[in-house]
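For reference, the structure is listed below as structure tokens.
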There are 2 protein chains.
Amino acid sequence: MKRNRSDDNHSPRRPSGAAVMRVQVTDALSRSFFSEWSRVGYAALSLERVAKAAGVGKAALYRRWPSKAAMASDLLPRVGLTLTDTGDKGSLEADIRAVLLAFRRVLRHRMIRRILADLHAEIGREPALEAAIRPFQQARRDRVQLIVERAIARGELAPTVDRETILDFLVGPLYWRLAVTAGCSDVTHIERLVRMTKAAMMAG
Amino acid sequence: MKRNRSDDNHSPRRPSGAAVMRVQVTDALSRSFFSEWSRVGYAALSLERVAKAAGVGKAALYRRWPSKAAMASDLLPRVGLTLTDTGDKGSLEADIRAVLLAFRRVLRHRMIRRILADLHAEIGREPALEAAIRPFQQARRDRVQLIVERAIARGELAPTVDRETILDFLVGPLYWRLAVTAGCSDVTHIERLVRMTKAAMMAG
DNA sequence: GTTGGTTGGAACGATAGCGTTCCACTCATG
DNA sequence: CATGAGTGGAACGCTATCGTTCCAACCAAC
């Protein structure tokens with residue numbers, strides 16, 4: 001029903017020249033969207049201010065995205081929330097350290113931290129947001145599961161451990177410290193975390 | 001400077017009759033404040049709607065609290081966020097179990113859960129909120145510290161453990177499961193948590 | 001050069017919350 | 001019973017955002 005471009009059966013010519021969206025405007029809008037989000041929160045996020053901060057008209061924004069939720073759903077997958085997969089580090093301990101460091105790298109950005117906390121608070125009210133970040137959660141879950149399976153194959157963990165609770169232990173303490181209480185985490189802390197998390201996993 | 005009542009040197013009589021705040025109205029406002037908060041979030045929380053939902057005029061609200069932040073700061077200490085102190089349970093394991101159960105009791109309420117997540121997201125933007133919940137955080141910290149000291153005295157923990165990180169492990173995983181991912185936690189899960197948390201603490 | 005579809009920007013009316021002000025009403029006190 | 005401070009409720013003007021609509025400017029394709 002919806003034709004992307006002039007998609008009629010007699011398309012005379014394709015749009016060109018000024019008649020094509022300028023990428024720089026899209027980028028400016030995306031950037032100011034996240035910047036405003038971290039500044040005032042999702043609920044108080046005004047698309048009008050986003051456009052103004054991007055130095056762009058409101059119509060430019062609404063022509064690209066129909067609503068705030070749609071914009072968030074479209075843009076969220078583009079930011080660096082993905083924990084870079086580090087592969088097999090050879091031991092459970094090294095794998096844990098890799099995950100924690102990757103998670104910390106994400107949570108260290110002030111903007112991302114705020115947006116994440118806001119996101120988690122808003123998910124219960126905006127189903128579209130949940131759908132948008134489900135892939136990330138799934139990826140994280142898969143990755144942890146992989147680590148657990150490798151550890152079991154190595155004989156470092158019993159096959160009876162609970163994968164879900166292990167996931168809670170891997171991300172919970174660090175998330176609590178960095179995102180909830182605005183604490184910090186240096187190398188010493190990470191090392192302690194690795195030690196304690198490993199012990200918890202082996203007891204699970 | 002500010003006289004509470006008619007505190008002049010010639011105070012003829014004290015306010016009475018209809019000229020005194022009705023407790024039921026204050027209560028209705030408090031309840032609808034939290035109800036609305038959990039429904040739409042702090043940022044989108046409209047005091048006008050709060051008053052309307054309480055079946056009360058706006059002036060009634062503004063006469064009691066000057067602003068949303070002030071209302072939150074005043075009301076937050078009154079809700080059941082306080083983890084009931086369970087005292088010495090005789091062993092580290094029992095103490096951990098008691099803390100986790102108390103924390104779960106709080107996080108099980110759908111309303112409290114949402115408000116807590118919202119609160120944590122908003123703290124970075126509203127300094128007044130941080131001041132309001134600081135006592136709770138301090139109480140929780142003190143309580144955990146007490147547990148740790150008892151465990152050290154019993155010989156269950158080494159005196160070198162890091163109290164802060166232990167706090168992260170005690171609340172982090174459960175908060176992550178219940179508040180962030182809207183998971184659930186039955187008795188089996190709590191028992192597993194107790195086991196794993198104790199192992200982590202002993203490795204810290 | 002002309003064309004044509006899309007652009008960014010500025011205006012619109014509508015809706016909603018803010019914080020204030022005014023007013024009739026209430027009711028224990030004296 | 002008369003008093004009067006404090007009440008709850010309705011209205012005010014103000015500001016901001018919403019989503020839409022209109023318009024001149026633009027520029028590769030023909």
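Just so we're clear, the structure is a prediction, and the values are computed from it rather than from any experiment. Below, chain A is the first sequence line, B the second, and so on; all start at residue 1.
Atom pair B:Arg63:CZ and C:dC22:P shows a separation of 14 Å (rounding to whole Å applied). Spacing between atom CD of B:Gln24 and atom C1' of C:dT26 amounts to 13 Å, rounded to whole angstrom units. Put simply, CG on B:Leu61 is 15 Å from P on D:dA10, counting in whole angstrom units. One can place OH of A:Tyr62 at 13 Å from P of D:dT21, the figure rounded to the nearest angstrom. C:dG8 atom P lies 18 Å from atom NZ of A:Lys52, rounded to whole Å. Atom pair A:Arg64:CZ and C:dG9:C1' shows a separation of 13 Å (rounding to whole Å applied).
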A:Arg64 and A:Thr26: CA distance, side-chain angles, deciding distance, side-chain hydrogen bond (donor to acceptor under 3.5 Å, both in side chains) verdict: CA-CA 8 Å; A:Arg64 285 165 170 83; A:Thr26 307; 2.8 Å; yes
Verify side-chain contact (heavy atoms from CB on, under 4.5 Å) between B:Arg78 and B:Asp74, making sure each step is shown before the conclusion. CA-CA 8 Å; B:Arg78 309 197 182 287; B:Asp74 180 48; 3.6 Å; yes
Check the pair B:Glu164, B:Arg141 against side-chain contact (heavy atoms from CB on, under 4.5 Å), reporting the backbone distance first and the verdict last. CA-CA 8 Å; B:Glu164 284 304 315; B:Arg141 181 180 312 237; 2.7 Å; yes
Which is it for A:Lys89 and A:Ile96 under the side-chain contact (heavy atoms from CB on, under 4.5 Å) test, yes or no, and what are the steps along the way? CA-CA 9 Å; A:Lys89 290 292 186 183; A:Ile96 293 176; over 6 Å; no
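Ring-centre distance between A:His120 and A:Tyr175: below the 6.0 Å cut-off.
Between the side chains of B:Ser38 and B:Arg110, no donor N or O sits under 3.5 Å from an acceptor N or O.
In this structure, B:Arg125 and A:Arg39 have side chains that are not in contact, with every pair of non-hydrogen atoms separated by 4.5 Å or more.
For A:Gln138, the side chain to side chain donor-acceptor pair (under 3.5 Å) partners at least two apart in sequence or on another chain are A:Asp142.
For the contact set between residues 65-72 of chain A and DNA chain D, defined by any heavy atom under 4.0 Å, there are no members.
Nearer the 5' end of DNA chain C, as judged by each residue's closest nucleotide, is the contact made by A:Ala59, out of A:Ala59 and B:Leu45.
Here the side chain of B:Thr197 pairs a donor or acceptor atom with the backbone of B:Leu193 at under 3.5 angstrom.
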Under 4.0 Å protein heavy-atom contacts per nucleotide of nucleotides 11-16 of chain D, with B for base, S for backbone only and - for none: B-----
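Distance from the side chain of A:Leu47 is smallest to D:dC18 among D:dT21, D:dG9, D:dC18.
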